4 protein chains.
Amino acid sequence: MTPDPERGATLRADAARNRERVLRIAREQLAAGDDSLMFNSIARLAGVGVGTVYRHFPTRQAMLEALLVERFQHMIGEVRAAAAEEDAVTSLHRLLRLTLQRMLKDSGFAAVFESDSDADGRMSAMKGELELALTHLLDRAREAGAVRPGLGADDVRRLICGIGHAVRIGDDQAKYAEIYLAVLLEGLRPPR
Amino acid sequence: MTPDPERGATLRADAARNRERVLRIAREQLAAGDDSLMFNSIARLAGVGVGTVYRHFPTRQAMLEALLVERFQHMIGEVRAAAAEEDAVTSLHRLLRLTLQRMLKDSGFAAVFESDSDADGRMSAMKGELELALTHLLDRAREAGAVRPGLGADDVRRLICGIGHAVRIGDDQAKYAEIYLAVLLEGLRPPR
Amino acid sequence: MTPDPERGATLRADAARNRERVLRIAREQLAAGDDSLMFNSIARLAGVGVGTVYRHFPTRQAMLEALLVERFQHMIGEVRAAAAEEDAVTSLHRLLRLTLQRMLKDSGFAAVFESDSDADGRMSAMKGELELALTHLLDRAREAGAVRPGLGADDVRRLICGIGHAVRIGDDQAKYAEIYLAVLLEGLRPPR
Amino acid sequence: MTPDPERGATLRADAARNRERVLRIAREQLAAGDDSLMFNSIARLAGVGVGTVYRHFPTRQAMLEALLVERFQHMIGEVRAAAAEEDAVTSLHRLLRLTLQRMLKDSGFAAVFESDSDADGRMSAMKGELELALTHLLDRAREAGAVRPGLGADDVRRLICGIGHAVRIGDDQAKYAEIYLAVLLEGLRPPR
DNA sequence: AATGAATGAGTCTTCATTCAT
DNA sequence: AATGAATGAAGACTCATTCAT
């Protein structure tokens, strides 16, 4: 038995192995651009029964979130670190750039990051911590004149999601990402 | 027989009538928030056979585009008029605000406006004219200092789509639309 | 196109053919003792797609009822004729015997005959007519002293269903049917 | 270790405890109107593994029977007592009324009481004793003129099951039970 | 040109049972 | 003896598309 960091419980060795297999396959599918996450085919590819997949992940959304628990936990650390840095503005910009790139690379991440309704309470909790940390960072950046009043952490989340969307529409994402991000960063500042 | 302005051909009277019925129902469905556009139910509601729907619109995308021909033609006029106005900056802002509201009100419009691949050449042609007119307007606004260099009409289209997306993520669209639009407008300006 | 007596509408020739095929297979399945009426296998055996089966019969109950429309219509005639005969008591006994035998031979019939909730309004209508005719017969048999007061047509229906159930429990149905029916017939009379 | 009266073997204390837990939950489920007796959910509710449930009860039928051992044993006593009473006819009527009410209250009991095939030999043995005792009672009632010749204990069992079925079909069981029982009791008598 | 019945692959989901732990 | 994760057959149902009428 090994502790399962994502469930706060202990999983039988084989169960944990299957869970990981399923998650690995799901990750591959998403990476390959197939965001349908069909339980039957995931099960087949993972070499387990469908029932096993359902046992671990009652819904598609739950699977998506499970796929991202580590990433979100990592992000919380990043945002906290960013909020603690000396130069809040640079820090904010770097954070937003990083987040944008993550969204572009991983559509599953983008989907969960955008969504307001989580299947799993732990995901909601993490989002709450994320928002808190971002609020701190934002407050400091605001003091430095880089953020207009009236824009909260959730607004910034939505806006960066919007920018991600704008970049994705186009055909040369690498090219647009930096430009559109620059537009956002300038737009966040108090109007002249 | 009446000329069919959208097909460049002549349609039998009953065919034209059926076409309009289908479009009307499709419009109603979209307006009612159902963007699945299922051909079978549209056919049923329109009182025609599915085959008839397929004859007129080979794909969902084609139907969507047909639904929006008038709207796009109207838009072309708007953008041209905007480009001709004295105060290009105000004009640009008004145009973007109008477009944003249109996207929020009509998800079908948003989908086609965002898309880079059209089912029907006439839609592509219209988009080309739209881009041309917007380029003019943008050039004039740029001279007035309201648009940074390096941002073309297509960029602005994508960015306003992104803002629309950001607004749609939230639960109180009316509240966010104006704020996020303001962020975009400020962001479009040359950096300080 | 031929008129479809069971739908009150006109069915396309091929549709009618398919409908009959499906009903024939369903009938065979039931006769073979399989009362599960699985749509997929019925479709396969009938040589049609599942969708076709679903189109004709939205639910299992609807299919069962469709299977029995003719039988119920015939029964209505029988009960009316029975109610019109000279010797109401003999007539009632013969009718109940016939019904019991029908229930034992055809479990589908027994199921629909017992059920109080019909999928199709026409079935409910037929049951209503059946009840009416039986009420007449019962009234006449009551006058002849063969039916106790307080027992209506629906009670008799339930009781004969119960007798059918009692017979079915045993292993030698032929043996029990007549005896248990005799018990019922005597029990229907006013108490001594 | 405690002797397990129902298995003729000795059960480890924890095994006996588990067995009782499972039976208690199963009883509750049935009482709550859920007669599906799903092993997985029973196991979950009982706080044991499914495997444990299977170990104790190889089939649903076996579980049902185990649930009813006490009740049947009690019934044997009742029927014997009834057979010993002075007024056999009254006694028989009271017994049938009691049995009917039991069937209506407890669908599990009804199922096992009706069934001719038992999973457990002890259940068959009990049914045998029941039949014997009922035969005595019936013989005495027959002498008193309340039961026609040719009707044995098993027939009466089936008939009361049939009456239970008839009552269950309707929507107002309390109302029909007494009437239909009266029909049966009169029907049991020798024909006039 | 119109019809709409038919198609049937595709997907989802459950649950009785087994067996490795 | 107990566990409960795993299994996967089984069955239900949908809907985009075709094609005979």
Side-chain angles (χ1 to χ4, degrees), chain A residues 1 10-19 21-22 36-44 46-56 58-60, chain B residues 11-19 21-22 36-44 46-56 58-60, chain C residues 1 11-19 21-22 36-44 46-60, chain D residues 11-19 21-22 36-44 46-56 58-60:
Chain A
M1 305 272 189
T10 303
L11 238 51
R12 231 169 62 182
D14 55 345
R17 195 163 49 242
N18 283 335
R19 193 172 192 280
R21 275 190 203 172
V22 168
S36 62
L37 283 193
M38 290 185 307
F39 276 32
N40 279 298
S41 62
I42 287 178
R44 187 166 21 80
V48 304
V50 221
T52 304
V53 181
Y54 273 93
R55 165 180 290 269
H56 286 294
T59 65
R60 195 179 321 289
Chain B
L11 236 51
R12 244 169 52 179
D14 55 344
R17 199 162 45 242
N18 283 338
R19 192 172 193 281
R21 276 191 201 172
V22 168
S36 62
L37 282 193
M38 290 190 308
F39 276 31
N40 279 290
S41 58
I42 287 177
R44 185 164 23 79
V48 303
V50 223
T52 305
V53 180
Y54 271 92
R55 164 176 298 270
H56 286 295
T59 65
R60 191 179 324 288
Chain C
M1 307 272 191
L11 236 52
R12 230 168 61 182
D14 54 346
R17 196 163 48 243
N18 283 333
R19 191 170 193 279
R21 274 190 203 172
V22 168
S36 62
L37 283 193
M38 291 186 307
F39 276 32
N40 279 297
S41 62
I42 287 177
R44 185 163 23 77
V48 304
V50 221
T52 303
V53 181
Y54 274 94
R55 165 180 291 269
H56 286 295
F57 311 104
T59 65
R60 195 178 322 288
Chain D
L11 237 52
R12 242 169 54 182
D14 56 343
R17 200 164 43 243
N18 282 338
R19 192 171 192 283
R21 275 191 203 172
V22 168
S36 63
L37 280 194
M38 288 191 308
F39 277 31
N40 279 289
S41 59
I42 287 178
R44 185 163 24 79
V48 304
V50 221
T52 305
V53 181
Y54 271 92
R55 165 175 297 271
H56 286 296
T59 65
R60 191 181 323 289

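By convention in this document, chain letters (A, B, ...) are assigned in the order of the sequence lines, proteins followed by strands, and residues within each chain are numbered from 1. In this text, all values refer to a predicted model and were calculated from it rather than measured experimentally.
- Partner of Phe39(B) under the side chain to side chain contact (heavy atoms under 4.5 Å, CB included) criterion, chosen from Thr52(B), Val53(B), Val22(B): Val53(B).
- Between Arg44(B) atom CZ and dC15(F) atom P the separation is 11 Å, expressed in whole Å.
- At whole-Å resolution of the value, CZ in Arg21(D) and P in dA2(F) are 11 Å apart.
- Applying the side-chain contact (heavy atoms from CB on, under 4.5 Å) test to Arg44(A) and every residue at least two apart in sequence or in another chain returns Ser41(A).
- For the pair Arg60(D) (side chain) and Ser36(D) (backbone), a donor-acceptor distance under 3.5 Å is present.
- The phosphate of dA1(E) (OP1 or OP2) has no side-chain N or O of His56(B) nearer than 4.0 angstrom.
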Base, backbone or nothing for each nucleotide of nucleotides 7-14 of chain F, written B, S, -, heavy atoms under 4.0 angstrom, 5' to 3'? BBB-SBBB
Could you go through Arg21(D) and Asn18(D), starting from their C-alpha distance and side-chain angles, then the distance that decides it, and tell me whether this counts as side-chain contact (heavy atoms from CB on, under 4.5 Å)? CA-CA 5 Å; Arg21(D) 275 191 203 172; Asn18(D) 282 338; 4.2 Å; yes
Canonical and wobble pairing (Watson-Crick, G-U, under 3.5 Å) of DNA chain E, dot-bracket with |: .||||||||||||||||||||
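- Distance, Ile42(D) CD1 to dT17(E) C1': 15 Å, rounded to whole Å.
- Atom pair Asp14(C):CG and dA6(E):P shows a separation of 5 Å (rounding to whole Å applied).
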